[in-house]
Amino acid sequence: MQSYSNKKLFDYGRLRATVDLVKVAAGMEILSCDAGSCCYIVNIRRKVVKKSPSLHQLKLPRETRFFSVPIKSDSKCLQYSHPHHYSFRKLNNSQPSRTVVVLKRDEHINSRVSGETYSSFVLDGEEGVNNVTGRGKSVSMVLIPSLPDESNGDYVAPISSSSSEWKPKLTVHYEKSGSENVDSPPLLFLPGFGVGSFHYEKQLKDLGRDFRAWAIDFLGQGMSLPCEDPTFGSNGGDKLESDRQDIIWGFGDETETWAEELVYSVDLWRDQVSYFIEEVIKEPVYLVGNSLGGFVAIYFAACYPQLVKGVTLLNATPFWGFFPNPVRYPRLSRLFPWAGTFPLPSIVRKLTEILWQKISNPRSIEQILDQVYVDHATKVDKVFSRIIETTQHPAAAASFASILFAPQGQLSFNEALSRCRMNNLPICLLYGKEDPWVKPIWGLQVKRQVPEAPYYEISPAGHCPHDEVPEVVNFLLRGWIQYLESQGSIALPLLDTPQSVRYDFAWDLEFIREGSRKSTRVKFLMPSFSIWNRLISRFKSGFENCGTDSQ
């Protein structure tokens, strides 16, 4: 790599930083940024042959490494402290260069960050940052990778669609990417209510470059609707509109044999996920769930911890279902004679007709998307068209009614969280701050119940941060999985070590989208490993189990 001299890489408001790229012994190249009381050194190739006695030991399992080291600039000699290490992987020459320079700044300085790019290398680790100045609340500006753009020559993981028959007439649709990454950990994405696997396209294309990734459609939604009418009889021809010629499935008088116990409930989806992991993926997975998918993810993990390596909640809904579970509350459930089974009672059909005409109206769908997406510049055309396509399926209306009247799960959200914590199951919380439905208070309640879980609050972002700010969500997901896979030898996303960052910290994450620079602030709440809290949780869980056994 050639040397650069007197090249301006950074421009602060009031500060002027002189950036010189120089060569030192053994082929080590450093980027020295004189900025106030600290500067950064960057090693972008080979090894550190000679280092200061005060420099912490650095592990170099791979040849190409990247180090960011804050040092004091007012000293006559370079003093290393708190090295942050990053790993890079070599890309093929067809891929564009990526920004790899990260600059630390104080919140009180109105700074703008730009960086030199180096061809054929992409950031593959975490951005470690420290409060170098130690004054006030700090905010760091971090450049993160953009989404891969196939039109610019980036490698995009191809997505393939498939289906698998679970039970007669019940087929699970799913999409997958990264099949060639045979030694990488598997990820399974669970969608929110009313959408499907298509909602994770940005994750499959990007994260599929490093992991094996799947996204499924819950039964009764997306493309996992039944292929036949679950009912038959004279009312099978009821129509929601006088001029509509389609037969509405599920409005018949009698139930087909294969659908006698069919209810689109959270228990059905839990069993569906179990089948999919055991029969399709065939090994434990990292679960990622948004909204309803988050509820199902934590519920499933509580019931089948042996099939889960970790759970990431994306604005997970903290409750699901309005009616009592017949297993948990047998007497109370008898007060509700219909619980989402087929056929639909006549009064439910009439109610479904009224609600469905309103909900499936394109204008209503537009209004809902306008609510849940804070950044209205986000393109939702594909999401909108796929939702419309689902509503036009003949089984959609009756499936909606079954979901609406289905009983609650056998565990509440909080009980599922407690079980996951008892099983030491890793949980990561990624919440969009401006969500109008699952507001930050719900994410903070989860954080209080599972204090050891890292909590990242993203702003601006609404109910679907994975689709609104996929660059940020993908970056955090990558880092968290690497943290777990390395058993903590790689730091949590955006952190050097948990002990070096205060409880409340924030970063401005910058990325490029469609040629423009965008910025999103991420607030982090430190994990808390309280032995006292863990003992209390174990005592409460044991007490609850005793109470359940005695019933």
- request: Starting from the C-alpha separation in whole Å, work towards a yes-or-no answer on side chain to side chain contact (heavy atoms under 4.5 Å, CB included) for Thr312 and Val473.
  value: CA-CA 10 Å; Thr312 299; Val473 170; over 6 Å; no

- prompt: Passes side chain to side chain donor-acceptor pair (under 3.5 Å), Ser291 versus Asn315? Steps please.
  reply: CA-CA 5 Å; Ser291 189; Asn315 290 73; over 6 Å; no

field: side chain to side chain contact (heavy atoms under 4.5 Å, CB included) between Arg478 and Arg209, intermediate numbers included
entry: CA-CA 11 Å; Arg478 263 196 183 93; Arg209 300 184 299 169; 3.6 Å; yes

Derivation and outcome, side chain to side chain donor-acceptor pair (under 3.5 Å), residues Asn290 and Tyr200: CA-CA 10 Å; Asn290 171 236; Tyr200 288 110; 5.1 Å; no

- prompt: Does the side chain to side chain contact (heavy atoms under 4.5 Å, CB included) test come out yes or no for Leu207 and Phe189, once each step is laid out?
  reply: CA-CA 11 Å; Leu207 297 176; Phe189 293 91; 3.8 Å; yes

field: Stepwise side chain to side chain contact (heavy atoms under 4.5 Å, CB included) check, Cys303 with Arg270
entry: CA-CA 9 Å; Cys303 298; Arg270 174 201 60 191; 3.7 Å; yes

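In summary, Lys379 and Glu514 engage in a salt bridge, as defined by a charged side-chain N under 4.0 Å from a carboxylate O. A salt bridge is defined here as a Lys NZ or Arg NE, NH1 or NH2 lying under 4.0 Å from an Asp or Glu carboxylate O, and Arg212 with Glu283 meets this definition.
Listed here is the closest heavy atom pair of Lys382 and Ser385: O-OG, 2.9 Å. Closest of all the heavy-atom pairs between Gly194 and Ile387 is O-CG1, 3.8 Å. For the residue pair Ser519 and Asp508, the shortest heavy atom distance occurs at OG-CB, 3.9 Å. Closest approach of Phe400 to Leu355, counting heavy atoms only: CE2-CB, 4.2 Å. In terms of heavy-atom proximity, Asn325 sits nearest to Gly409 at ND2-C, 3.5 Å. Nearest heavy-atom pair, Trp166 versus Val172, reported as atom, atom and distance to 0.1 Å: CB-CG2, 4.2 Å.
Taken to the nearest 0.5 Å, the OH atom of Tyr174 stands 7.5 Å off from the OG atom of Ser160. Note that CD1 of Ile365 is 10.5 Å distant from CD of Gln367, once rounded to the nearest 0.5 Å. In this structure, Ser399 OG and Phe218 CZ are separated by 14.5 Å, a value rounded to the nearest 0.5 Å. Interatomic distance, OG of Ser177 versus CG of Asp210, reported as 10.0 Å (0.5 Å rounding). Atoms NZ and CG, on Lys167 and Leu219 in that order, are 8.5 Å from each other to the nearest 0.5 Å. Annotation: the span from Ser418 atom OG to Gln449 atom CD amounts to 4.0 Å, rounded to 0.5 Å.
Proximity of a side-chain donor or acceptor of Lys447 to a complementary backbone N or O of Ala453 within less than 3.5 Å is detected. Using a distance-only test at 3.5 Å, with no hydrogens or angles considered, a donor-acceptor pair links the side chain of Ser364 to the main chain of Lys358. A donor-acceptor contact shorter than 3.5 Å links the side chain of Gln203 to the backbone of His466. Remark: the backbone N or O of Tyr264 is paired with a side-chain donor or acceptor of Ser402 at under 3.5 angstrom. Side-chain atoms of Tyr299 come within 3.5 Å of backbone N or O of Gln410 as a donor-acceptor pair. At least one donor-acceptor pair under 3.5 Å links the side chain of His376 to the backbone N or O of Asp370. When atom types are taken as modelled, the side chain of Glu366 and the backbone of Phe384 share no donor-acceptor pair closer than 3.5 angstrom. Using a distance-only test at 3.5 Å, with no hydrogens or angles considered, a donor-acceptor pair links the side chain of Glu468 to the main chain of Val374. Between the side chain of Lys202 and the backbone N or O of Asp467, at least one donor-acceptor pair lies under 3.5 Å. Not one N or O on the side chain of Glu471 forms a donor-acceptor pair closer than 3.5 Å with the backbone of Ile144.
Counting heavy atoms from C-beta outward, Trp269 and Ile403 have side chains that approach closer than 4.5 Å. A heavy-atom distance below 4.5 Å is found between the side chains of Phe475 and Pro145. No side-chain heavy atom of Val522 sits less than 4.5 Å from a side-chain heavy atom of Val142. The shortest side-chain heavy-atom distance between Ile388 and Pro362 falls under the 4.5 Å cut-off. The shortest distance between side-chain heavy atoms of Trp480 and Tyr286 falls below 4.5 Å. Counting heavy atoms from C-beta outward, Phe211 and Asn181 have side chains that stay 4.5 Å or more apart. Within the 4.5 Å cutoff, the side chain of Val285 has heavy atoms near those of the Pro186 side chain. By the 4.5 Å heavy-atom criterion applied to side chains, His173 and Ser161 are counted as neighbours.
Atom OH of Tyr275 is surrounded by more than 12 heavy atoms from other residues, nucleotides or ligands within 6.0 Å. Under a cut-off of 6.0 angstrom, the local environment of NZ in Lys433 is sparse, with at most 12 non-hydrogen atoms contributed by other residues, nucleotides or ligands. Around the CD atom of Gln306, the shell of radius 6.0 Å holds more than 12 heavy atoms that belong to other residues, nucleotides or ligands.
In this model, no donor atom of one side chain and acceptor atom of the other lie less than 3.5 Å apart for Gln221 and Thr390.
For Phe193 and Trp320, the distance between ring centers is under 6.0 angstrom.
With Phe524 as reference, Tyr456 is the one residue of Phe505, Tyr456, Tyr455 to meet the ring pair (Phe, Tyr, Trp, His ring centres under 6.0 Å) rule.
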